[in-house]
Amino acid sequence: MVDSRSRPDACPGALQVHQAADGALARVRLPGGVLTSAQLQTLTESARDLGNGEIELTSRGNAQLRAVRDPLEFARRLAGVGLLPSETHERVRNILVSPLTGRIGGLTDLRELVGGLDRTLCADSALADLPGRTLFTLDDGRGDVSALGGDFGVHAVDGAEVALILAGRDSGARIPAADAVSVLVDAARVFLELRDRHWRLSEIADGVDRTLSALTLAPTADPVPGFDEHRPPIGWLDQPDGNVTLGGGLAFGVLDARLAEFIAAVEKPVIVTPWKTVLLCDLDEWSAEQVVRVLAPMGLIFDENSPWLNVSACTGQPGCEKALADVRTDARDAVASGELPVEGRQHWSGCERCCGRPKGEVADVVATETGYRVDKR
């Protein structure tokens, strides 16, 4: 059996596409999950003109198109709206930030760190060699993205100081928030020196301690033992400035082109979250009411109790050649009929690999040759 670490990095991007059963899959990195209206409109038109008419959201707060007929034209369109600022680094720009930072809650506003980290990352030619699975996290203290197992991250402990997160846990080291970008990039450089064939920092023996030593940092505080799993912000969310953020869920995290076009037409900032939902930000109350009235019937979910927020699924047939069933159609029918095979969070999978399974306590509904099997973990 071939060691998976000896294989080439096949993580898809906008330029290095993955050839799936239904055609080329292209993934677009969205640092911080941020999309302007023009960028979302470009993704929408590309999904309609070049793909299968849908934009899939990912657990890294990114977006991807399936069945892309002309990957080069897609890349050209992305570059035209600033979604492909670096051809060499495009697959390693995986940066998550607390989606509501600077608008609602949190100890500090980390939005500026996203752009600074992205620019610094892309400016270092050596960091283009990071694996496409590398994940940077910027948590404003609420614990939402620190819980997602990033390789390198910071977690605000007050307005001026952050905990250094390595391999998904608090290293105990504390640094000034102003130094966050430089320390994270330095940590990524250390990982490149240590990684050998490993994909993630967590796979390296004593990787955290060796990284701290190379950075000449040491634990100075008791580390937070763990971070609680968070649910996506859904519904009407009041901002302290008097505006409103709307959190909208999507069945399987799939945004069809028509709905995406309507969201883009709102002309307000859009945030893609790591829970495959979207935030429409900085709306006045009247506009927010109109958005709910128009977009809810089109499939954007504003009810935090919707069963759809508990159901996820892999691509399944016909998009994946390994899948034994059209799991999304089967899961959709189960939700519609109210006959889900298990209560609570569940992930439907077309095979034993359980691709796309979210973190936390989730029951697996796995397709077999004779039906579905439920595994509770």
Note to self: Using a 3.5 Å distance criterion without hydrogens, assess whether the side chain of Arg357 forms a donor-acceptor pair with backbone atoms of His347.
What the structure shows: no
Check: For Glu304, which residues count as a side-chain contact (heavy atoms from CB on, under 4.5 Å) partner, sequence neighbours excluded?
Finding: Ile234
Check: Taking everything shown except Glu343 itself, do over 12 heavy atoms lie less than 6.0 Å from its CD?
Finding: no
Next item on the list: Could you work out the complete set of other residues in the hydrophobic cluster of Leu279, with links drawn between I, L, V, M, F, W and Y side chains under 4.5 Å apart?
Entry: Val34, Leu100, Ile104, Leu237, Ile271
Next item on the list: Using the test side chain to side chain donor-acceptor pair (under 3.5 Å), find all partners of Glu73 that sit at least two apart in sequence or belong to another chain.
Entry: Arg76, Arg77
Notebook entry, point to check: Cys122: what forms a side-chain contact (heavy atoms from CB on, under 4.5 Å) with it, not counting sequence neighbours?
Noted result: Ser86, His89, Arg93, Asp118
Item checked: Non-neighbouring partners of Arg258 that pass side-chain contact (heavy atoms from CB on, under 4.5 Å), sequence neighbours left out -> Asp256, Phe262, Met298
Notebook entry, point to check: Does Trp308 have any ring pair (Phe, Tyr, Trp, His ring centres under 6.0 Å) partners at least two apart in sequence or in another chain, and if so, which?
Noted result: Phe252
Next item on the list: Tell me, please, which residues at least two apart from Ala334 pass side-chain contact (heavy atoms from CB on, under 4.5 Å).
Entry: Leu340, Trp348
Next item on the list: Could you list all the side-chain hydrogen bond (donor to acceptor under 3.5 Å, both in side chains) pairs where at least one residue sits in residues 208-217, not counting sequence neighbours?
Entry: none
Item checked: salt bridge (charged side-chain N to carboxylate O under 4.0 Å, His left out) partners of residues 15-35, not counting sequence neighbours, each pair once -> Asp22-Arg66
Margin query: Taking salt bridge (charged side-chain N to carboxylate O under 4.0 Å, His left out) as the cut-off, I'd like each qualifying pair that reaches into residues 161-184, sequence neighbours left out, listed once.
Written below: Asp170-Arg174
Check: For residues 280-292, which residue pairs qualify under salt bridge (charged side-chain N to carboxylate O under 4.0 Å, His left out), counting only residues two or more places apart or in two chains?
Finding: Arg103-Asp282
Checklist line | Residue pair Ser37, Glu267: steps toward the side chain to side chain donor-acceptor pair (under 3.5 Å) verdict | finding: CA-CA 5 Å; Ser37 294; Glu267 296 189 336; 5.8 Å; no
Notebook entry, point to check: Cluster partners of Leu148, using ILVMFWY side-chain heavy atoms under 4.5 angstrom, listed by chain and number?
Noted result: Leu96, Leu135, Val145
